[in-house]
Amino acid sequence: MTIPSRINVEPLRTILQMECQKNYANTTVLGGLDKYLRKWARETRDGINSPELLARFTELQLTDSDYARWDADKRKAWIKDVLDWLAQAEALAKKMSAKKSPARSKVVSRPSAGHVAPSPKRPKDLDSPVTTAKGIAASLASKLDKLGVHTIRDLLYFFPRRHLDYSQRKSIAELEVDEEQTILATIWEARIARLGPQQGTEVIVGDETGNMRAVWFNQPFLAKNFRTNAQLVLSGRVSEFKGNKVFESPEWELVEDKELIHTGRLVPVYPLTRGLYPRQVRNLVKKVIDDWAWLVTDFLPQEIKNSCRLLDLPQAIIQAHYPDSYLVKAEARRRLAFDELFLLQLGVLGKKREWQESQPGNAFIVNRESLDKFLCSLPFALTQAQQRVLHEILADLQEIRPMSRLLQGEVGSGKTVVATAALLVAADNGYQGAFMAPTEILAEQHFRNVCQLLSKVSKGGDEQDNVRCYHGLFSHPVTSALLTGSLSEKEKVAIHQQIQEGKVDIIIGTHALIQKAVEFSKLGLVVIDEQHRFGVLQRLALRQKGFNPHILVMTATPIPRTLSLTLYGDLDLSVIDELPPGRQEIKTRWLRPEQRGRAYDFLRRQILDGQQAFIICPLIEESENIEAKAAVAEYERLSKEIFPDLRLGLLHGRMATSEKEKAMQRFRDGNIDILVSTPVVEVGIDVPNATVMLVEAADRFGLSQLHQFRGRVGRGEKQSYCLLLAEKPSPEGSERLKAIEEIQNGFVLAEKDLELRGPGEFFGTRQSGLPDLRMAKISDTSLLELARNEAIALFQRDFGLTVPEHHLLAQELARVWQTGSEVS
Ligand code: ADP
Ligand code: MG
């Protein structure tokens, strides 16, 4: 006797149970339960080996159920019967398998097991290789591999790029030229025909309204599929040939007793690779969905699905591939996008809360007196926005729970001074503060700024170049140190030692400061400036370094909310939304190549007027060496041919740091009129007397980079200008130039940038180590807010996801984030 293991109990039970929950409304399966039931029953019938079970199966009329027509009572009774039957089948299977092989507990789980022997491994595992699915051989699997599809789950989540709308069914007489349409017709004749230079296939089809031709060029082998009198569905664009309508290379499908896949519906268009064909992929995906989608366990708690009006997961997957309509397709996308965003938020918020609660940080005491002393020493008053943000930061610093804050402020809005105040609070409390910049030039500038600010309120500062000590602000001296790669080995060792011994309070350097083996004695605050390269996971790594410092991340690039909640979901947000008084709009002009001479004249006039200028050389991605050479050449050309009477300086990434520093210093002191630079000058450089920024090959830069360049001028009171030169901009390049010319507001520009570039490139979400977003779009702001709020609410109810209804979710969360956590 064979074991009745071919009865695939689980999916049907799940569906019927859902149907019960939904009050027998026949809404569990799109298109109605009957369709699914009949399919299930047909596949199952042959596998029933117990006469008793089979008899009852027949009685229940599963193969041609009529659920749709019954009233609720009848439906309820019938479902109960079917569930009983399933339980019987399961019990019997258990009994049999216990006899046969005591070790195996799960028998009735192989999906659609009509002809396949049950797999000895965990057969229901969606993470098993694609070859587990019927009809996928190793050769096909290797092609799918190239598309990033390795497992059954990958294939279920291998969504089409788009759909062709072949759902518009017409009669032949109704067909319109140039539209995408579908007909159902009878084949009158099919033959191999000469079509142009090659052989192809020609068929004549007809319906009650007329006859027409369909042709496929170069595909004579198709002809054998088309039997006379068979019913054929054709979908595609209709053209006109000698006054007659004709389908040219339409999608086709014979009408058999099965669902249409390639025609007559919304037909998915999948990404392909060499050796994979659209029909093949559609067939294959359809098969896998039919067999496996129902086995996907829906990890979302019913409560959330109800309140957010979300489709069930199996349905969403099916409908994302083979939607019944655009409406349902949108619903499916919404559910899948919600999943991505929700899991992302749960992950980010969970990690945040974990570290905040697992390792308490250090609550600082804010000494108002010395802080005010510092603020009063500034040559300006803080703007309202600066005050508000400083207040928010100070409130955080006084908590045991470590601060985790993003400070977002337009270029030139004065973030540095706020950060310095926070660093001083740390120092006052006997803690060390690290201030990290993305480049050495910026680290040096921060060091100088901080020292300058300190020298206004305290004495000292002129000892060693890289370590300066100030007295008089607090009861103890404040020591600030610059740590860069260009220090000599000896100097480095000395500074490391001092940091380790706690002799330095404020340490300024590049990101290497935290990533390399610098040992702090008592790290209390980390300020990370201008960092789109420092993601959630790096922050996590930082926190796991044995300290749990307060963290302040600063960025000048305004981040659309969708992205900031994604990339910085673990951070609270503060915004400086106000520029210091007196700042003016920077006049931005995109110049044609023939206006170059006028641009140079303009620069000269500004300089004669006492101002200074930047000239940015083209971005050369291949190598910093070539870029440096090009900058040297340009510098020489400008010095000799264009501005022989002016003082020019040069700045590029291949110069020694001391050289760079010297050039910057001379520029800052007004001893250089024009600073010719590679794009290294991009971030943070602050020279208020510079009023002109000329960017060469401006079309090659991204919008946010151009905005950063522009932010280098307009830092003083004088009207400033940004001139953009481009030889032959591409359409996208022109688009960017137009945008930067018209838009001053960094926030609006960032949105525009996203629109032009897409989110992946924008901040390198790809490298951020976060789970992939495939369905979610950057414009899904309200869905993201919904997901975030649901995540917050869920954690309030059950942070550990410990109650049974949340187990599946906890599993899914672990699965999705497992790739991400490797970094730390
Ligand atoms: P960013 O936010 O781009 O880092 P910075 O901190 O470099 O801006 O500040 C830009 C310039 O504005 C600096 O020269 C700084 O001294 C000055 N600044 C900062 N705050 C104010 C203020 N409230 N009033 C006037 N000038 C200010
Ligand atoms: Mg700055």
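First listed ligand is number 1; within each ligand, the first listed atom is number 1.
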**Student:** Main chain of Pro618, side chain of Arg700: is a donor-acceptor contact present, judged purely on distance under 3.5 Å?
**Tutor:** no
**Student:** Out of Leu407, Thr416, Thr555, who is nearest to atom 6 (O) of ligand 1 when you count heavy atoms only?
**Tutor:**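 It is Thr416 whose heavy atom sits nearest to atom 6 (O) of ligand 1.
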**Student:** Report yes or no: do Glu659 and His652 form a side-chain donor-acceptor pair below 3.5 Å?
**Tutor:**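 No - no donor-acceptor pair under 3.5 Å links their side chains.
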**Student:** Decide whether an N or O pair under 3.5 Å exists between Val417 and ligand 1.
**Tutor:** no
**Student:** Can you sort out which atoms of ligand 1 are near Leu382, meaning under 4.0 Å from one of its heavy atoms?
**Tutor:** 23 (N)
**Student:** Between Lys415 and Asp529 (salt bridge meaning N to carboxylate O under 4.0 Å), is one present in this structure?
**Tutor:**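 Between Asp529 and Lys415 there is no salt bridge, as every charged N stays at least 4.0 Å from the carboxylate O atoms.
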**Student:** If hydrogens are left out, which of Gln408, His446, Arg712, Gln386 has an atom nearest to atom 23 (N) of ligand 1, that is, the closest non-hydrogen atom?
**Tutor:**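 When every heavy atom of Gln408, His446, Arg712, Gln386 is considered, Gln386 comes closest to atom 23 (N) of ligand 1.
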**Student:** Taking 4.0 angstrom as the limit and counting only heavy atoms of Ser413, give me the atoms of ligand 1 inside it, by number and element.
**Tutor:**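 Those of ligand 1 that fall under 4.0 Å from Ser413 are 2 (O), 8 (O).
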**Student:** Given 3.5 Å as the limit, does a donor-acceptor pair link the side chain of Asn466 with the main chain of Ala481, or not?
**Tutor:**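 A pair under 3.5 Å: no.
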**Student:** Quick one: does ligand 1 sit under 4.0 Å from the side chain of Met554, the backbone, both or neither, non-hydrogen atoms only?
**Tutor:**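 Within the 4.0 Å criterion, Met554 makes no contact with ligand 1.
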**Student:** For the side chain to side chain donor-acceptor pair (under 3.5 Å) test, which of Glu741, Arg710, His707 pairs with Thr588?
**Tutor:**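 Output: one option passes, namely Arg710.
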**Student:** Just to verify, what does His550 make a ring-ring contact (aromatic ring centres under 6.0 Å, His included) with, not counting sequence neighbours?
**Tutor:** Phe364
**Student:** Evaluate Ala381 for polar contact with ligand 1, using N/O atom pairs at a separation under 3.5 Å.
**Tutor:**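 Among all N and O atoms of Ala381, at least one is under 3.5 Å from an N or O of ligand 1.
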**Student:** Should you measure from each heavy atom of Thr383, which atoms of ligand 1 turn up under 4.0 Å away?
**Tutor:** 23 (N)
**Student:** Could you pull out all residues at least two apart from Ser639 that satisfy side chain to side chain donor-acceptor pair (under 3.5 Å)?
**Tutor:**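 None.
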**Student:** Looking at ligand 1, would Pro688 count as a contact under a 4.0 Å heavy-atom criterion?
**Tutor:** no
